[in-house]
Amino acid sequence: MSEILAVKQGIIESIKKAATEAQQAGKLPSVPLPDISIERPQKAEHGDYASSLPLKLARATSLNPLNIAKSIVSFMPKSEEIAEVSVAPPGFINFRLSTGWLTKQVDNILEQQKSYGNITKGNGKQIQIEFVSANPTGPLHIGHGRGAVLGSTLANVLDAAGFKVQKEYYINDSGNQIVSFYRSLYSRYQQCLGIDTEMPAEGYFGSYVTDLARELIDEHGDQFLKMPREEAESKLGKLGLEKMLLKIKESLEALRVNYDCWFSESSLYENGQYDKVMAMLKQSGYIAEKESATWFVSTALGEHKDNVVVRSDGTPTYFATDIAYHYNKFITRGFDTVIDIWGADHQGHVSRMEAVVGALGIDPKRLKVIISQMITLKRGGELVKLSKRSGDMISLAEVIEEVGVDACRFFFLCRSADSQMDFDMELAKKESQDNPVYYIQYAYARIASIFRLAEEKGIKYDDGDVSLLKEESELTLIRSMLQLPEIIEMIANTLEPHHLTYYAQELATIFHSFYKQCRVVTDDVDMTKARLKLVASAGIVLDKTLGLMGMSAPEKM
RNA sequence: GCGCUUGUAGCUCAACUGGAUAGAGCGCAGCCCUGCGGAGGCUGAGGUCGUGGGUUCAAAUCCCACCAAGCGCGCCA
């Protein structure tokens, strides 16, 4: 367990103990105590942590909250970590950490190195996170990029929080869209070989399909023309699909996103899982035949309408396979928690998915669906829709290439998932002070630069005495570093990784301010060593934070 | 029409999930280099938290109504 979380827990327990003792001593009426929590006050003068318990007890005890606070505080045990416990109107109890304990945490961070910030909350529980999962019928676009960054960052954080995380991409490799893609590709293939033919009406008209057809001609020639149409479509299509998938993987890798598992939709049919799950639903009475189709009776579970699982032509819908897929996640593979990240256009799918998970006998709370809102691409305030080069929707790969990975990741991450966002490529590219990406990385580069100087001067600081750190800006820096475990805990609870970007900026700001106020390498050998320790620990925390966001920590810029 | 999400400083967004005087960045007005990287630091101005009710000791946060925007409401995925 992280030191700071242990201290926090200790404070909570001491409040509980003090309140109970106050009650036993007759200083406080014996009313039931609510769940005690402490929070971080927004003003530094209010200390490091605060409890509003007295305010919550005011009504039940019909006492002045300030007096309740005083009674509780008088029973508060002393501890090494806490320097001061005070009472503030209208009825808060404020706690201030001792500087001795604070400075010791510098050594603690140095010991823990890269594992600093990690917590044990997850206890090795298995959690699966599925994200992007775009149809392999075309290149990824910017919206997928947002989901990719969201998912991979969340996976990093959950891993740091002690969960066993598995990242997965669901490949929709069967169904209507695939058939349509196969047909489109075959038409383009024929056209490229001089055959006058038409594209299917519901086809994929992007120029990338033609590019794909040309690549396949280069590699395989015109052999598919000699086959019966159906065979040609299928064989050529499969090759095209593989290529498309490869391009998708490349785009994701360029964004520093990788997966533990690429799960094929069609495997659900091949291994009989689909049939099994449908039979289960039928047996429990959630399946009905009407209008010559097969329906999942979601209205029985409070939904507004039923949903088709098998069309009247006998083919299963996307929803049907998704049911089997989630059965596979929860039952076959036994994940404790499953996180799905979907785009806003899938929002209507959420409630029926939760309903069907419940119908399969799985607690729907174990399924967490994150909807990431739409993202619009801009360039200097102007809306960008099409790529100048291909005329298609601008691809994720193009955006990454133009803007750079670090900036892409940061900007995709910095808004909460449920707020729509504009992604301005000009702004993201601008390597100036109005770009927080460089501001944060610059803090790290400054740290690296300090160590280059220290090394040049041959300074060793292993025996530095951190208790010399007493300046306000030094202690503020330590306090900021101590927040990382709490941030990780919060994100693991809320599944909102955008908080990391704000934390990173705040940590960088506090470091820059410290840097201005306290010169590190000076003639004062002892102070130099102590500050080198402080700076080293700041480097660890900054590196860890950037790492969680999938960003690089450059030694030089 | 129904459902989900959003509405906070001139702009883009936070607000530890109900707490203290609502905070950052950009922009704006100023100030700071005989020192480790000025891609920096420090001040300041700027708010009826969409509107109106309600719950609470306490509401940007919870509930209701309304207004506005995005997405969805297919035997598409």
Side-chain angles (χ1 to χ4, degrees), chain A residues 37 39-43 45-46 50-52 54-59 64-65 88-92 94 133-135 137 172 175-178 180 202 291-295 304-305 307-319 321-322 342-351 371 373-374 376 381 414-422 424 427 431-439 441-443 445-454 456-457 483 486-487 489-490 493-494 496 498-499 501-503 505-506 509 512-522 528 531 535 556-557:
Chain A
S37 65
E39 61 228 40
R40 203 175 266 284
Q42 26 193 335
K43 299 274 176 210
E45 66 251 37
H46 292 134
S51 168
S52 58
L55 290 163
K56 295 192 164 83
L57 290 176
R59 154 134 320 185
N64 179 338
F92 287 99
N94 293 331
S133 299
N135 277 347
T137 52
N172 299 107
N176 285 339
Q177 315 264 336
I178 292 297
S180 172
E202 302 281 305
E291 296 158 33
S292 74
T294 307
W295 300 69
H304 283 106
K305 58 187 188 76
N307 294 279
V308 171
V309 283
V310 182
R311 301 181 187 96
S312 33
D313 68 1
T315 60
T317 61
Y318 151 84
F319 180 47
T321 40
D322 230 15
W342 298 338
D345 52 341
H346 283 63
Q347 165 264 119
H349 190 51
V350 177
S351 64
I371 295 294
Q373 290 297 323
M374 294 286 146
T376 49
C414 70
R415 307 274 140 78
S416 85
D418 37 41
S419 98
Q420 295 168 46
M421 77 184 278
D422 292 336
D424 194 318
L427 186 68
E431 302 193 10
S432 63
Q433 63 236 29
D434 56 2
N435 193 328
V437 177
Y438 297 93
Y439 180 83
Q441 292 182 322
Y442 181 55
R446 268 186 156 171
I447 291 171
S449 159
I450 292 170
F451 283 103
R452 283 194 291 272
L453 179 73
E456 218 171 88
K457 298 198 171 202
Q483 283 185 39
E486 291 182 66
I487 298 282
E489 186 185 41
M490 190 225 322
N493 283 331
T494 60
E496 292 173 351
H498 68 274
H499 290 110
T501 62
Y502 291 90
Y503 173 67
Q505 285 182 88
E506 188 184 298
T509 299
H512 284 308
S513 178
F514 153 79
Y515 178 89
K516 193 71 178 179
Q517 278 174 267
C518 300
R519 195 184 154 82
V520 177
V521 180
T522 62
T528 298
R531 286 189 175 151
V535 171
K556 285 181 182 174
M557 292 175 70

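Numbers restart at 1 for each chain; the letters A, B, ... are given by sequence-line order, proteins then strands.
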Practice task
Check whether any side-chain heavy atom of A:N176 sits under 4.5 Å from a side-chain heavy atom of A:Y318, and report yes or no.
Solution key: no
Handout entry: Gap in Å between the two P atoms, one belonging to B:G70 and one to B:A22, rounded
Key = 33 Å
Fill in the blank from the handout: side-chain contact (heavy atoms from CB on, under 4.5 Å) filter on A:V310, not counting sequence neighbours, yields A:Y274, A:T294
Practice task
Send over the distance from A:E489 CD to B:U17 P, rounded to a whole Å.
Solution key: 10 Å
Exercise for the section: Looking at every strand, decide which applies to A:N94 at a 4.0 Å heavy-atom threshold: base, sugar-phosphate, or nothing. Expected result: base
Practice task
Please check if the side chain of A:D422 supplies one atom and the backbone of A:D424 the other of a donor-acceptor pair under 3.5 Å.
Solution key: no
Handout entry: Length of the line joining A:Y503:OH and B:G23:C1', which is rounded to integer Å
Key = 18 Å
Exercise for the section: Using a heavy-atom cut-off of under 4.0 Å over every strand shown, decide if A:A88 touches base, sugar-phosphate, or nothing. Expected result: base
Fill in the blank from the handout: Here the distance between atom C1' of B:A15 and atom NZ of A:K43, to the nearest Å, is 13 Å
Problem - From B:C36, B:C13, B:A20, nucleotide with atom closest to A:S419 side chain - result: B:C13
Exercise for the section: May I have the distance from A:Y439 (atom OH) to B:G37 (atom P), rounded to whole angstrom? Expected result: 17 Å
Problem - For A:R446, side-chain contact (heavy atoms from CB on, under 4.5 Å) partners two or more places apart - result: A:Y442, A:F511, A:H512, A:Y515
Completion exercise
With sequence neighbours left out, the residues meeting salt bridge (Lys or Arg N to Asp or Glu O under 4.0 Å) with A:E489 are none
Fill in the blank from the handout: Between CE of A:M490 and P of B:A15 the distance, given in whole Å, is 8 Å
Handout entry: Whole-angstrom distance between B:C49 and B:G18, as gauged at atom C1'
Key = 15 Å
Completion exercise
A:N307 meets the side-chain contact (heavy atoms from CB on, under 4.5 Å) criterion, sequence neighbours left out, with A:S298, A:K305, A:F319, A:R352
Fill in the blank from the handout: Between NE2 of A:H499 and C1' of B:A14 the distance, given in whole Å, is 8 Å
Handout entry: Aromatic-base stack, A:F92 on B:A20, cutoff 5.5 Å, angle under 30
Key = yes
Fill in the blank from the handout: By side-chain contact (heavy atoms from CB on, under 4.5 Å), A:S449 pairs with (sequence neighbours left out) A:R452
Exercise for the section: Between B:C13 and B:G19, how far apart are the P atoms? Round to whole Å, please. Expected result: 24 Å
Problem - C1' atoms of B:G52 and B:U43, separation to the nearest Å - result: 40 Å
Fill in the blank from the handout: Residues passing the salt bridge (Lys or Arg N to Asp or Glu O under 4.0 Å) test with A:D345, sequence neighbours excluded, are none
Handout entry: Interatomic spacing from OG1 in A:T317 to CG in A:D322 - rounded to 0.5 Å
Key = 9.0 Å
Exercise for the section: Rounded off to whole Å, could you give me the CD1-to-P distance for the A:I371 and B:G3 pair? Expected result: 17 Å
Handout entry: B:A24: pairing nucleotide in any strand, Watson-Crick or G-U under 3.5 angstrom
Key = B:U12
Exercise for the section: Write down the partner of B:G37 under the Watson-Crick or G-U wobble criteria, each distance required to be under 3.5 Å. Expected result: none
Exercise for the section: Specify the glycosidic conformation (syn or anti) of B:U21, with syn defined as within 90° of 0. Expected result: anti
Exercise for the section: For A:S416, report the nucleic acid contact type (base, sugar-phosphate, nothing); a contact means any heavy atom under 4.0 Å. Expected result: sugar-phosphate
Practice task
Please assess A:N172 against A:I178 for the test side chain to side chain contact (heavy atoms under 4.5 Å, CB included), listing each intermediate value before the final yes or no.
Solution key: CA-CA 8 Å; A:N172 299 107; A:I178 292 297; 5.7 Å; no
Practice task
Indicate, with a heavy-atom threshold strictly under 4.0 Å, whether A:H46 touches base, sugar-phosphate, or nothing.
Solution key: base
Problem - Integer angstrom distance from the C1' of B:C2 to that of B:A60 - result: 27 Å
Exercise for the section: Write down the partner of B:C62 under the Watson-Crick or G-U wobble criteria, each distance required to be under 3.5 Å. Expected result: B:G54
Completion exercise
Checking B:C16, B:A39, B:U12 against the side chain of A:Y442 (C-beta onward), the nearest is B:A39
Fill in the blank from the handout: Counting primed atoms, P, OP1 and OP2 as sugar-phosphate and everything else as base, the B/S/- map of nucleotides 70-77 of chain B against protein heavy atoms under 4.0 Å is SBSS-BSB
Practice task
For A:R446, report the nucleic acid contact type (base, sugar-phosphate, nothing); a contact means any heavy atom under 4.0 Å.
Solution key: sugar-phosphate
Exercise for the section: Would you classify A:S449 as touching base, sugar-phosphate or nothing, given that sugar-phosphate means primed atoms plus P, OP1 and OP2, and contacts are heavy atoms under 4.0 Å? Expected result: base
Practice task
Could you check if the base of B:C57 is syn or anti? Syn means the glycosidic torsion is within 90 degrees of 0.
Solution key: anti
Completion exercise
Of the candidates B:C16, B:U5, B:G38, the side chain of A:K516 sits closest to B:G38
Practice task
Could you check A:S51 against A:Q517 and say which one's nearest nucleotide on RNA chain B is further toward the 5' end?
Solution key: A:S51
Problem - Partner nucleotide, any strand, of B:G3 [Watson-Crick/G-U, under 3.5 Å] - result: B:C71
Problem - Which residues share a salt bridge (Lys or Arg N to Asp or Glu O under 4.0 Å) with A:R519, sequence neighbours left out - result: none
Practice task
Look at all strands and tell whether A:A443 reaches a base, only sugar-phosphate, or nothing, counting heavy atoms closer than 4.0 Å.
Solution key: nothing
Completion exercise
Interatomic distance, NE2@A:H304 vs OG@A:S351, rounded to 0.5 Å, equals 8.5 Å
Handout entry: Close side-chain approach of A:Q483 to A:Y503, heavy-atom, < 4.5 Å
Key = yes
Problem - Gap in Å between the two P atoms, one belonging to B:U21 and one to B:A59, rounded - result: 11 Å
Fill in the blank from the handout: Per atom distances to the A:Y502 side chain, the nearest of B:A14, B:U5, B:G37 is B:A14
Sub-3.5 Å pairs of nitrogen or oxygen atoms, protein against nucleotides 56-58 of chain B:
from	atom 1	to	atom 2	distance (Å)
B:C57	OP1	A:R59	NE	2.5
B:C57	OP1	A:R59	NH1	3.3
B:C57	OP1	A:R59	NH2	2.4
B:C57	OP2	A:R59	NH2	3.0

Handout entry: B:G47 - base-pair partner by Watson-Crick or wobble geometry, distances under 3.5 Å
Key = none
Problem - Euclidean distance for C1', B:C11 against B:C28 (whole angstrom) - result: 12 Å
Practice task
To the nearest Å, give me how far apart CZ (A:R415) and P (B:C11) are.
Solution key: 14 Å
Problem - B:G3 base stacked by A:H304 (centroids within less than 5.5 Å, tilt under 30°) - result: no
Practice task
Considering only atom C1', compute the distance from B:U61 to B:U8 and round it to an integer number of Å.
Solution key: 12 Å
